[in-house]
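Note that ligands are numbered from 1 as they come in the structure, with each ligand's atoms numbered from 1 the same way.
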Amino acid sequence: METRTLDVVTTPEPIAELDRLGDEIAELAAHLDAATAHLLDLIRDFDIREGWNTGFRSCAAWLSWRVGLGPLAAREHVRVARALGGLPRLAQALARGELSYAKVRALTRVATAETEEQLLAVGRAGTAEHLERIVRGWRRVDRQAEAREAARQHASRALHVYRDDDGTVVLRGRLAPEVGALLLQALTAARETLYQRTRGAEPEADPPTMAQQQADALALLAETALHHGMDPGTAGERYQVVVHVDAAVLADADAPGQSVLEDGARVPAGTSQRLACDASRVVMRHDQEGRMLEVGARTRTIPPALRRALHHRDHGCRFPGCGVPFGQGHHIRHWAQGGPTTLSNLALLCRRHHRAVHEEGYQVDRHADGELRFRRPDGRLLPEVPPSPSVPGDPAQILRARHDAEGLRLHARTAMPGWLGERLDIGWAIDVLHPLAQR
Ligand SMILES: [Zn+2]
Ligand SMILES: [Zn+2]
């Protein structure tokens with residue numbers, strides 16, 4: 001005991017050694033942060049160029065599948081990568097290893113081009129924990145401003161309708177954004193209904209202008225609303241699609257025949273196969289002479305008990321890397337081709353991937369061992385878990401060498417906060433920093 005105490009006092013070698021170990025951790029962490037900046041650059045580029053759009057729902061879903069990041073971490077990587085595209089100062093600070101990824105992640109939740117500079121200074125001075133608290137306070141001020149703005153928009157909603165001297169009716173108004181979106185969607189649908197029906201006929205000598213088409217669309221909306229007694233219907237009915245499809249087309253997408261929606265819009269055979277696949281939709285099959293063969297393929301609907309068993313077995317969409325918890329029952333062999341509605345012939349797919357399988361050339365089949373195999377349109381296998389890339393023996397050394405070559409001198413104090421231990425007054429910090437917080 002005595003010799004050890006003496007040892008520490010005279011030669012503080014173990015402490016010096018731990019200091020070196022700490023420095024090594026800090027230096028390597030700075031290297032990893034600088035490399036993360038590079039990784040985020042690549043992700044941003046991949047995202048913009050939609051490299052992930054090969055059957056995946058999003059860049060994050062692809063990243064989670066390909067790299068093995070948790071879904072939340074994958075979404076955060078994509079969010080931060082996108083945000084840094086417009087925040088060059090924060091991006092540079094990360095690339096130079098001066099700000100940790102955790103700090104940059106927190107700051108990108110609130111930073112804008114206008115506030116980036118100030119927040120960068122905060123990021124340099126404070127610890128990661130300070131930043132989390134400052135960002136939380138900052139968002140509270142942002143949310144209050146947002147809530148005020150939404151309340152203002154709601155209060156300013158108005159529709160003025162009055163009759164002009166010549167008897168025409170004049171409209172002027174203002175709608176909240178989501179109500180406006182609903183109206184625009186309805187107008188677009190009505191316009192398409194009106195002007196798709198006349199398409200294919202003689203080209204009109206004097207085609208209506210966009211403004212005239214909008215007026216006609218509004219008239220159709222009014223008629224439809226009155227006709228249906230102002231009943232918006234249940235959610236299921238509202239989105240119900242009626243497909244008229246020739247029996248041959250349903251069995252074989254390449255067969256000649258019609259495949260149209262109720263409003264006359266022609267749809268690809270693959271689409272009508274998908275809509276009929278989980279036949280909770282109304283499908284009318286026709287024979288060669290156009291006679292109705294079968295009304296309401298509701299009879300093909302997967303019975304509730306089977307659907308429960310399907311959900312229980314598959315949990316969610318079975319497409320590699322997806323796992324969305326709800327979906328449609330896909331007949332691996334279509335019922336129009338004689339495939340049975342049984343558990344072994346069904347697989348749960350989300351809407352996105354049901355489309356991928358019916359309309360984008362992706363293939364799925366079940367092997368003898370009961371496992372599903374997905375293939376890309378080019379026939380290549382799409383594995384559930386991709387093989388990991390081979391990593392060289394000492395990746396840290398490679399990072400150091402690359403950063404040295406880029407002239408980046410990283411050391412144990414590169415990312416050290418300027419904070420000297422004083423108490424953090426969040427309220428004061430937000431008041432001083434946030435542009436909307438001036439009282
Ligand atoms: Zn299907
Ligand atoms: Zn899916």
Side-chain angles (χ1 to χ4, degrees), residues 50 52-66 69-72 74-75 78 239-243 245 247-255 259 261 267-283 285 294 297-303 306-307 309-367 371-377 381-386:
E50 296 199 3
W52 50 268
N53 199 358
T54 52
F56 290 90
R57 306 175 64 82
S58 64
C59 191
W62 179 89
L63 206 55
S64 178
W65 171 76
R66 186 68 177 82
L69 286 178
L72 205 69
R75 279 203 294 278
V78 175
Y239 299 113
Q240 194 147 60
V241 180
V242 177
V243 199
V245 58
V249 174
L250 207 48
D252 174 9
D254 294 328
S259 170
L261 298 183
V267 293
T271 304
S272 61
Q273 287 184 340
R274 169 168 59 85
L275 294 172
C277 185
D278 183 348
S280 48
R281 293 151 185 88
V282 181
V283 176
R285 295 166 73 193
E294 182 181 5
R298 283 174 192 278
T299 49
R300 301 288 181 161
T301 304
I302 301 167
L306 184 55
R307 192 176 290 278
L310 178 64
H311 275 268
H312 180 75
R313 187 197 64 189
D314 286 358
H315 296 294
C317 176
R318 293 295 310 274
F319 200 88
C322 181
V324 163
F326 38 84
Q328 304 164 339
H330 168 66
H331 285 74
I332 295 169
R333 183 174 164 77
H334 204 286
W335 55 259
Q337 293 168 326
T341 303
T342 57
L343 208 50
S344 63
N345 191 41
L346 288 172
L348 202 61
L349 291 177
C350 69
R351 178 186 289 271
R352 166 75 187 84
H353 289 127
H354 204 188
R355 174 181 290 278
V357 167
H358 280 282
E359 284 133 285
E360 293 172 14
Y362 286 82
Q363 299 144 45
V364 55
D365 48 8
R366 193 184 295 285
H367 282 234
E371 286 301 308
L372 293 177
R373 305 276 151 83
F374 286 83
R375 290 183 183 280
R376 295 168 193 274
L381 203 63
L382 194 60
E384 187 72 39
V385 179

Enquirer: Does H367 have more than 12 heavy atoms from other residues, nucleotides or ligands lying within 6.0 Å of its NE2?
Expert: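 Buried by this count: over 12 neighbours within 6.0 Å.
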Enquirer: Restricting to under 2.8 Å, identify the protein N, O or S atoms around the Zn ion (ligand 2) as residue plus atom.
Expert: C317 SG, C322 SG, C350 SG, H353 ND1
Enquirer: Is C322 close to C350 at the side-chain level, that is, under 4.5 Å between some pair of heavy atoms?
Expert: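 The answer is yes; the side chains approach within 4.5 Å.
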Enquirer: Could you please spell out the steps behind the salt bridge (Lys or Arg N to Asp or Glu O under 4.0 Å) verdict for R352 and E360?
Expert: CA-CA 10 Å; R352 166 75 187 84; E360 293 172 14; 3.4 Å; yes
Enquirer: Over 60° means perpendicular and under 30° means parallel, so tell me whether H354 and H358 are parallel, tilted or perpendicular.
Expert: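 Perpendicular: the ring planes of H354 and H358 meet at over 60°.
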Enquirer: Can you tell if the side chain of T54 reaches within under 4.5 Å of the side chain of R376, non-hydrogen atoms only?
Expert: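 Yes - at least one pair of side-chain heavy atoms lies under 4.5 Å apart.
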Enquirer: In terms of relative ring orientation, are F319 and H353 parallel, tilted or perpendicular, with 30° and 60° separating the classes?
Expert: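 Parallel, since the angle between the ring planes stays under 30°.
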Enquirer: Would you give the angle at the Zn ion (ligand 1) between H358 atom NE2 and H330 atom ND1, to the nearest 10°?
Expert: 110°
